Each structure stands twice: as structure tokens, then as C-alpha cells.
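One structure is given here, and the rest of the page talks about it.
Fair warning: this is a prediction, and the values are worked out from it, not measured in the lab.
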Amino acid sequence: MEKALRNKKTILFFVGPALILYLAVMLYPITHAIYISLFRWDLLGTPSFIGFQNYVRMFTRDAVLIRALQNTLGIFIGSLVGQLGLGFLFASMLAHGTKFKNLFRNFFFLPAVLSSAAVGSMWTFMYNPSAGIVNGFLRLIGLDVLARNWLTDENTALGAIIAVVIWQFTGYTMTLFMAAINGIPQEVYESAKIDGANPFQIMFRITLPLIMPIVRVATILITVGSLRFFDLVYVMTPGGGPNRMTEVIASLLFRRSFTHHEFGYGAALSVLLLVLSLIATLIVNRAFKRARHEY
Amino acid sequence: MKLRIILALLLVAMLTVALVACADEAGDAGADGEIEIAWMIWGAGAGSPDPIDQLIQRTADNFNALDNGITIDLQWTSGDVYYTRLPALIAAGTVPDIFATHAAGVLQTYTNAGRVLALNEFIDTDPEWRDHFIDGAFRLMTFDGNIYAIPWYYSAVPLFYNMDIFEAHGLVAPETYDDLLNVIAVLRDAGVTPFAFGARDAWTPALFMSMVANRIGGDGPFDAIMAGGGSWLDPSYIEAGYIMQELANVGAFPDDFMGLGADDMAAMFKAGEAAMYVMGSWAIAQVYADDSTVQGSISATKFPTLPGGVGDPNVWLGQPSITNAVSIDTPHPEAVMEFLKYWTSDEHQIFLGEAAGQIPATRVSLNPDAVSPLALYLNALIAESSGMFIFYDVGLGRAIGDEYNNVVQAILAMSDITQTLQNFQIFTDEVREAEE
């Protein structure tokens with residue numbers, strides 16, 4: 001068996017199908033997108049070659065792109081802080097054996113398995129200024145002055161969406177952290193308690209450093225996921241939001257390609273997104289290189 | 001062992017369900033060898049309160065009730081995704097046999113790609129049907145001598161206003177821009193929203209600005225652009241941009257108008273929450289819809305003139321509204337034509353004119369008592385028209401036309417007008433260059 005597994009041909013045979021699938025589904029479309037970004041194409045006619053004009057336009061004449069980049073950054077930072085922070089907090093509280101640990105974990109995780117489109121529809125109703133429960137609740141507890149048009153007010157639209165993103169995905173991060181915390185041997189905690197550490201010190205000086213690899217994984221997942229985030233934004237603010245205040249790169253890409261039939265420009269935007277994601281991942285990897293603790 | 005069997009059975013069940021669910025639908029021949037024709041149109045569907053939507057559903061249902069071996073499969077699509085979905089279907093070659101469109105530049109994109117059936121041979125073999133259409137009915141859907149769509153009704157854009165609100169504040173219908181500013185000021189002081197207006201669906205503010213531009217500069221600038229020349233930096237467009245921003249600044253529009261879409265605007269006006277509404281005459285159908293509280297309170301007037309403007313107040317923004325085009329791949333052109341003739345038959349055209357208040361595409365005589373007063377009044381106004389120009393996004397086609405909508409949206413967001421128009425001109429030049 002061992003011999004068979006080491007045989008190069010066998011390895012190729014086992015890896016082959018997955019590799020072909022990967023090339024077909026991942027590599028080919030990416031190369032094709034880079035290729036198409038050099039053309040102007042409306043899907044029905046023949047593509048016409050325009051060189052780097054799409055990129056020139058992107059960097060000099062597209063005011064909405066700057067807004068989209070800002071918004072994408074906003075969602076990225078909001079997601080990172082919200083999901084890592086809340087996820088770690090909840091995981092720490094639950095990991096040490098509350099009676100209903102599994103119940104809570106499932107509850108928090110539930111939104112993550114819901115379809116983003118369904119979540120978006122639901123929250124659009126909840127944010128409805130007259131009939132939604134967000135404003136209804138604020139009015140009920142006497143905070144009328146805080147009630148507003150969450151999704152159509154330029155100042156709150158993006159924040160409202162970030163809140164839903166955090167709501168949907170914190171459970172996912174929390175579950176990852178819980179699994180990681182479970183892997184820490186009890187002796188570490190026992191000796192910490194003996195040494196008189198209080199809960200905060202345990203959380204930040206012991207738990208956090210020991211689960212750094214998982215924090216790194218979670219950060220990469222959140223980074224890549226939030227940079228290319230589309231579903232909730234498109235469902236909750238289909239027109240790009242008030243004054244395009246909730247347009248992100250992915251929704252701008254979709255609008256340019258499918259609504260305005262400029263597939264070349266959309267492809268150029270997708271290349272931009274690819275480059276941004278690669279840069280972000282490199283930065284995250286660099287930042288975590290130094291944090292490696294063993295126990 | 002038991003667990004294994006259960007798991008295996010579960011796997012088989014899942015796979016079966018997946019295969020069955022993904023099975024292709026039956027082809028054109030339904031049960032009993034019926035010819036099935038798919039018809040795609042925008043609208044709110046069978047349960048819509050809008051009389052035009054109801055009529056569309058009725059034409060399909062009644063045609064299916066006829067025993068002629070043809071079944072119409074009516075596919076409703078939401079208006080805001082219609083022109084996103086249609087080109088994708090056309091490009092994939094799976095577009096339904098009949099699809100609704102606004103003709104002109106929008107249709108031309110598809111005819112240029114050779115995806116639409118030319119209908120001349122069918123029209124010429126039935127001269128009685130052909131001559132029943134009003135003069136020039138096919139003008140905006142004829143390219144290179146080929147007719148590519150059948151019109152249903154025409155729409156024009158007036159300024160609708162709520163007579164009750166106006167009377168309550170001692171106002172009369174505005175004829176000039178100064179009148180309009182006065183009306184807006186009075187209404188704002190009284191806490192009434194002057195215009196049902198939104199900028200989320202970019203075409204709605206676009207039609208408003210097109211009217212302003214036409215009142216300022218006349219037909220010249222847009223005609224030049226339609227002919228392949230002209231310039232978006234024409235003074236009438238720059239001035240129109242300033243007017244739009246001024247209107248926004250004096251509170252002519254609802255406070256959160258940037259986030260309001262076409263449906264929100266209609267709902268606002270139907271509920272009597274706004275005094276004025278600039279929209280195509282299909283809005284008459286909205287006013288008389290089942291859920292409207294303003295039936296009977298609405299009147300219409302021509303769009304006001306602007307100071308120093310050379311535009312003729314009797315020129316209207318108008319176009320064929322719903323037209324039906326036929327896919328070149330349809331296997332049943334004769335059956336399709338039979339339906340299209342039924343669709344434009346007098347009973348439906350008369351309904352469009354009387355109950356929905358539209359301008360029918362065929363020569364039908366309407367019973368004046370059955371026509372809503374609003375429609376009668378509007379049709380009388382339009383009858384004196386000295387010209388009509390088309391919606392920019394329909395006339396200019398998807399690339400430039402849609403970008404125009406975006407430009408108006410950006411201007412309303414207080415962007416620099418000259419800069420925005422300059423970028424738009426560069427964009428237009430690039431698109432034209434690429435199309436050669």
C-alpha cells in the first residue's frame with residue numbers, strides 16, 4: 001500500500017481528476033477574464049480589442065470605483081473587527097463547558113448556513129422604516145429619535161449592511177475558535193488558575209496566543225470573503241444604495257457587466273479584485289508569520 | 001452494517017432527486033402535440049393591480065382558451081432585471097419565442113447581432129392587418145427596411161399632478177419654470193412632498209432631465225447625438241444639469257430620493273403623498289389601479305417651459321411602450337404571428353385606450369364615455385403635439401443610453417456637471433469607435 005502511494009504514477013492518477021476540474025473551473029475562467037479585460041464586448045457582438053483602455057478608464061474616469069473601493073474596505077474592516085472580536089469573545093465564553101454549550105453554538109452558527117439572498121430579503125424587511133422591527137423595537141423602547149431609513153439613508157446604509165454581515169458570519173468564526181480552544185490541553189488552564197490568573201489574562205495571554213494558527217486561518221477566510229462580497233449588498237441595495245454608498249467592487253462588476261453589458265470592463269474590474277485579494281492575503285500572511293507559539 | 005445500508009440508500013435517494021430535478025423541461029410539443037410558445041414580458045404578474053398587467057395576462061389566458069392547438073406560456077419577469085436577463089438569454093440562444101421590448105436602439109442591439117426575426121413577409125401577406133396600424137407605427141422598429149417588432153401602444157410623458165392637493169393650497173398647474181419653483185416653495189412650506197421622484201432606478205430621473213434639456217435646447221442637440229455626432233457638452237445639457245441640482249436643493253424631491261425606485265415613486269403618488277409626478281402615460285394605469293387612492297384626483301399638463309429655452313412646449317417625450325419581437329430561432333413563426341394578431345385585435349386595443357388611457361397602436365374608435373377623463377384630457381393634449389422625442393436610453397441603446405442614466409444619477413448626487421458630462425462624452429466616443 002505504502003509503495004503504491006509513493007509511486008508517482010499513482011499519485012498522478014489520484015490527483016488527476018481533481019486537478020483537471022480545478023484547471024477547468026478555476027484557472028481557465030481567470031485567464032479568460034484577464035484576456036477579455038483587454039476588449040470591449042457586449043456579449044452579443046464580437047469583442048473588439050482596446051488594449052488597456054479599460055484599466056485607464058478604471059483609474060481615471062470612474063468616480064464610482066473609488067466609492068466602491070472605500071466601501072469594500074469598510075466591509076473588510078468591519079467584518080474583521082466584528083467577526084474576530086465577537087467570535088473570539090463568544091468562543092471563550094462558551095468553550096469552557098456551559099451547560100448549553102452546544103445549543104448556543106448551533107444558534108450562533110445557524111445564520112451562516114442560511115442563503116445570503118434569504119438573509120438579505122429578511123433583513124430588508126426588518127430595516128423597513130415603517131413596518132420593520134428594527135425601527136419598531138426602537139420606538140417601543142422610546143428611542144424614536146434613532147429610528148431612520150436604514151437602507152436609504154446615505155449615512156447608515158453601509159453600516160446597516162456591515163451589521164448583517166457580522167450577524168451572519170460571526171457564528172462561523174466562533175465555531176472555528178471553539179474547536180481550536182478545545183485543542184488546548186486543560187493542564188495549561190489549571191496551572192494558570194493556580195498561578196492566580198484572572199479570566200481576562202487567561203483569555204488574552206494564554207488562549208489567544210495558543211490559537212493563533214486558527215486566528216490566521218479565520219483572518220484569511222474573512223479577508224478573501226469580504227473583499228469579494230456580493231450577495232447581501234446586491235439583495236439589500238439593488239441599485240447600489242443611496243448615491244452608490246453601498247456599491248462594492250463585486251456589485252459594481254456585476255452592474256457593469258450584466259446591466260450595462262460591458263463585459264470587458266467588468267472583466268477588468270474582476271482582475272482588479274484578484275490583485276487586491278492577492279495583496280491582502282500576502283499582508284495577512286506576513287502579519288501572522290511572527291506569531292507562532294507552541295505549547 | 002445497518003448504518004451502512006441506510007447511508008447507501010440515502011445517497012441513492014439524494015442522487016435520484018438531483019437527477020430528476022435537473023432533468024430538462026419538455027420541448028416545444030406539450031401534451032397532445034400542442035404547439036407551445038413562450039412569451040417573455042416585464043410586469044408584476046397575474047396578481048398585479050395594474051390594468052395593463054391584467055390585460056396582458058388576459059390576452060394569454062383567452063388565447064389559450066381558444067381551441068387552436070397553440071398554448072402561450074407567459075413568462076413574467078420583474079421590470080428592473082428584464083434588460084439584464086434578456087441579452088443573456090439572447091446570447092445563450094435560449095430566448096423565448098416572443099419577447100417584449102421597447103424597440104428603437106434597445107432592439108437594434110439584438111437585430112445587429114442577428115437574433116431577431118424580420119416580420120415583413122408575415123405583415124405583407126396580411127395587408128388588412130398592416131394597414132390597421134396608425135401611421136408610422138412601425139417606424140421605431142424598422143432597421144434597414146426590416147420590421148422587427150409589433151407595437152401595442154404608445155406613451156408620452158406629461159406632468160401629472162394631484163388636483164386635490166393643488167386646490168387645497170391654492171395652486172394651479174405650472175406652465176413655466178418660475179411657476180414650478182413657486183409651487184414647490186408653497187408645497188414645501190406646507191410640508192407636502194412636491195414630486196414623487198426617486199433616483200435609485202436611474203431611468204426615472206433621466207427622463208426628467210431629458211425633458212428639461214429639450215425645453216432648454218430644443219430637438220437639435222439630441223437629434224445630433226442620435227445621428228452619431230453632437231456633444232454632451234452642449235450648453236442645454238450643462239444647463240439642464242444645473243436645473244436638476246437646483247430642484248434637488250430647493251426640496252422639489254423627497255428627502256431620501258436617492259434611495260427611492262420606480263415602484264416607490266408610483267406608490268407615493270398613488271397614495272396621494274406627493275403632488276406631482278413626471279412619468280410616462282402608462283402611469284395612468286397606475287393611477288387607476290385597484291390599490292390607488294387618487295383615482296379621479298389626477299390631472300396632467302405639459303412639462304413646463306424654461307426661461308430662455310428654445311424648446312417647443314408642444315414637443316413630448318414619448319415612444320412605443322410595449323412591443324413584441326420574435327426570436328429568430330423560433331420553430332413556429334406562423335403560430336407566433338397568429339398570437340400577435342390576436343394580441344393586437346380591437347378588443348385589446350380598445351381596452352388599452354379606454355380603461356388604461358394609453359394611445360393604441362392601431363386605428364380603433366374609442367367610446368369617449370368609457371375613457372377615463374384623465375386619458376381623454378391627456379390624449380387631447382397630445383393630439384396637438386408638434387413632435388415627439390424618444391427616451392434617451394431606448395434611443396441610444398444599452399451602452400450609451402444606460403450610461404446617460406448613470407450620468408443623471410451622478411449629477412443629482414451633486415457631482416461636478418461639466419466633468420461628468422466630459423467623461424460621458426469620452427465614453428460615448430469610445431463606444432462609437434468600437435462599434436465601427
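Distance check, rounded to the nearest 0.5 Å: CG of A/D62 to CG of B/N423 gives 9.0 Å. Once rounded to the nearest 0.5 Å, the distance linking CD of B/E430 with CD1 of A/I50 reads 6.5 Å. Separating the CG atom in B/L86 from the NE2 atom in A/H261 is a distance of 8.0 Å, to the nearest 0.5 Å.
Heavy atoms closer than 4.5 Å to chain A are found nowhere in B/T420, neither backbone nor side chain. For chain A, no part of B/N405 is nearby; none of its heavy atoms comes within less than 4.5 Å. With a 4.5 Å cut-off on non-hydrogen atoms, B/N112 does not touch chain A at all. Looking at B/I426, the atoms closer than 4.5 Å to chain A (heavy atoms on both sides) all sit in the side chain, from C-beta outward. Heavy-atom distances place no part of A/R67 under 4.5 Å from chain B, backbone and side chain included.
Contacts with chain A were tallied for B/D402, B/I90, B/V81, B/D201; B/D402 has the most, counting heavy-atom pairs under 4.5 Å. Of the listed residues A/R61, A/E262, A/M245, the one with more heavy-atom pairs under 4.5 angstrom with chain B than any other is A/R61.
In B/D144, the CG atom is not crowded: 12 or fewer heavy atoms of neighbouring residues, nucleotides or ligands sit closer than 6.0 Å. Within a 6.0 Å radius of OH in A/Y172, no more than 12 heavy atoms belonging to other residues, nucleotides or ligands are found. Surrounding OH of A/Y35 are at most 12 heavy atoms belonging to other residues, nucleotides or ligands under 6.0 Å away.
At a threshold of 4.5 Å between non-hydrogen side-chain atoms, the residues A/F258 and B/R85 do not count as touching. For the pair A/R40 and B/V431, the minimum side-chain heavy-atom distance is below 4.5 Å.
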